[in-house]
**Q** 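Here it is: the structure, laid out below.
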Amino acid sequence: VNPTWNRTESFYGKSFIWTMVNNFGGNTLINGNIKNTLNGFNLASNDSKSLIGFGFMPEGIYENSILLDAVMQFMTLYKINQSFLDPSAFYTQWTDTVSKYRYSGYRGSIV
């Protein structure tokens, strides 16, 4: 992945908001690489001098609630801690938790 902010030296110093568009063109699938999304956020958070926030741009009604849940929790923890979070450690803990409260099971059965 080669994000625009990285190719343009953080938009040439202009303030920007890291945004996720996960329903581009009305293509809603129950998939998404959670780890890559978390890594992208971490990269922008740590390497960009002009990042001022983060958000979502849902394009349609039907969204991937699992991906949104993971990213929002990760961003919230990042904001609370004001520091780098390990996406792999977060992902492991998050999948254990979500599989229990959402599916009454364990991560191994859904991942």
**Q** If you look only at distance, which donor and acceptor atoms sit under 3.5 Å apart when one is on a side chain in residues 10-20 and the other is two or more places apart or in another chain?
**A**
from	atom 1	to	atom 2	distance (Å)
S10	OG	S48	OG	2.8
T19	OG1	I17	O	3.1

**Q** My understanding is that only residues two or more places apart in sequence, or in another chain, count here; which of them pass side chain to side chain contact (heavy atoms under 4.5 Å, CB included) with D69?
**A**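 Testing D69 for side chain to side chain contact (heavy atoms under 4.5 Å, CB included), a comparison that skips the adjacent residues, returns Q73, W94, V98, Y101.
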**Q** In the structure I gave you, are the side-chain heavy atoms of W5 and L43 within less than 4.5 Å of one another anywhere?
**A**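 Answer yes - side chains close enough.
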**Q** Roughly how far apart are F41 CZ and L51 CG, rounded to 0.5 Å?
**A**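 Here the interatomic distance stands at 7.0 Å.
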**Q** If you look at every heavy atom in I34 and A70, which pair is closest and at what distance?
**A** CG2-CB, 3.8 Å
**Q** Can you name the side-chain hydrogen bond (donor to acceptor under 3.5 Å, both in side chains) partners of T4, sequence neighbours left out?
**A**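 Per chain and number, T4 pairs via side-chain hydrogen bond (donor to acceptor under 3.5 Å, both in side chains) with R7.
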**Q** Is there a donor-acceptor pair under 3.5 Å between the side chain of N42 and the backbone N or O of L38?
**A** no
**Q** Roughly how far, to the nearest 0.5 Å, is OG of S88 from CD of Q93?
**A** 13.0 Å
**Q** Does the side-chain contact (heavy atoms from CB on, under 4.5 Å) test come out yes or no for L77 and F90, once each step is laid out?
**A** CA-CA 10 Å; L77 288 172; F90 171 84; 3.7 Å; yes
